[in-house]
Amino acid sequence: QAVGAFEAAEHLLEAEHGWYFLYFHGATAFDEVLAGFPEEASRQSDIVVFCRALQALKHGEVSLARRLLADRFGNETLEPARVLAARGRYSAEFRSFRLVMLIYEDIPLTEDLLQLAFAILADLPIESHLLRGSIHNAILEFYLRTRRFAEAEDVAERALRHYRAAGASLLAFYIS
């Protein structure tokens with residue numbers, strides 16, 4: 001980043017788990033890495049926009065996160081049901097991120113959205129443990145909010161299994 005090799009920096013960020021970098025290296029390192037990218041990187045790079053949107057969510061800036069996604073992917077991304085249903089248009093990673101974002105937006109997960117959330121799993125390779133864990137983690141949050149404890153326990157076990165397989169100790173601790 002210091003020498004302007006932003007594409008190489010993006011590849012390194014992706015190699016270090018992309019938007020999950022935060023959970024492997026901590027908030028300070030996450031903020032420092034993101035500060036090293038120019039502002040236009042959020043409009044040109046999926047990985048940087050996911051990271052900056054997560055950073056905004058963690059800082060309580062939901063509107064900024066929504067704006068970052070809309071600037072990169074279009075205003076229709078502000079409608080979660082459209083994103084989760086658009087398997088051909090949006091990647092499984094993007095749909096997974098959008099699902100996680102629902103937690104911060106405090107949008108209730110309807111049965112239709114819940115089915116769309118589970119459908120993302122079908123589009124992921126079996127070894128995509130971080131994404132699979134995050135989908136189960138997001139669903140867990142909604143089950144807990146609606147006091148569906150038996151279902152919550154099931155998805156918590158699944159999230160924990162995937163986070164452990166990915167070596168994501170902090171996320172596994174959170175689920176525990």
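The basis for the numbers below is simple: all heavy atoms, side chains too, and nothing from hydrogens, waters or symmetry mates.
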Parallel, tilted or perpendicular: rings of Phe118 and Tyr143 (30°, 60°)
tilted
Rounded distance [0.5 Å steps], CG in Leu130 versus CZ in Phe24
5.0 Å
Nearest 0.5 Å, please: how far is CZ in Arg43 from CZ in Arg72?
10.5 Å
Roughly how far apart are Tyr163 OH and His136 NE2, rounded to 0.5 Å?
9.5 Å
Step-by-step salt bridge (charged side-chain N to carboxylate O under 4.0 Å, His left out) determination, Arg98 to Glu105
CA-CA 10 Å; Arg98 193 62 188 90; Glu105 293 172 299; 2.6 Å; yes
Checking Arg132 side chain against Pro125 main chain: does a donor-acceptor pair fall under 3.5 Å?
yes
Is there side-chain contact between Phe94 and Leu99, with heavy atoms separated by less than 4.5 Å?
no
Shortest non-hydrogen pair, Gln1 vs Ala9, comes out as CG-CB, 3.7 Å
Intermediate values then yes/no, side chain to side chain donor-acceptor pair (under 3.5 Å), Tyr90 and Thr77:
CA-CA 10 Å; Tyr90 300 108; Thr77 62; 5.9 Å; no
Rounded distance (nearest 0.5 Å) linking atom NE2 of His162 with atom CD of Glu157:
12.0 Å
Approximate separation, where rounding is to 0.5 Å, of Leu69 CG and Arg52 CZ
13.0 Å
Is a side-chain donor or acceptor of Ser128 paired with a backbone partner of Leu124 at a separation under 3.5 angstrom?
no
Are the side chains of Ile120 and Glu93 in contact, using a 4.5 Å heavy-atom criterion?
no
Test: side chain to side chain donor-acceptor pair (under 3.5 Å). Region: residues 167-176. Which pairs qualify, not counting sequence neighbours?
none
Could you grab the distance from atom CG of Asn137 to atom CG of Leu131, nearest 0.5 Å is fine?
12.0 Å
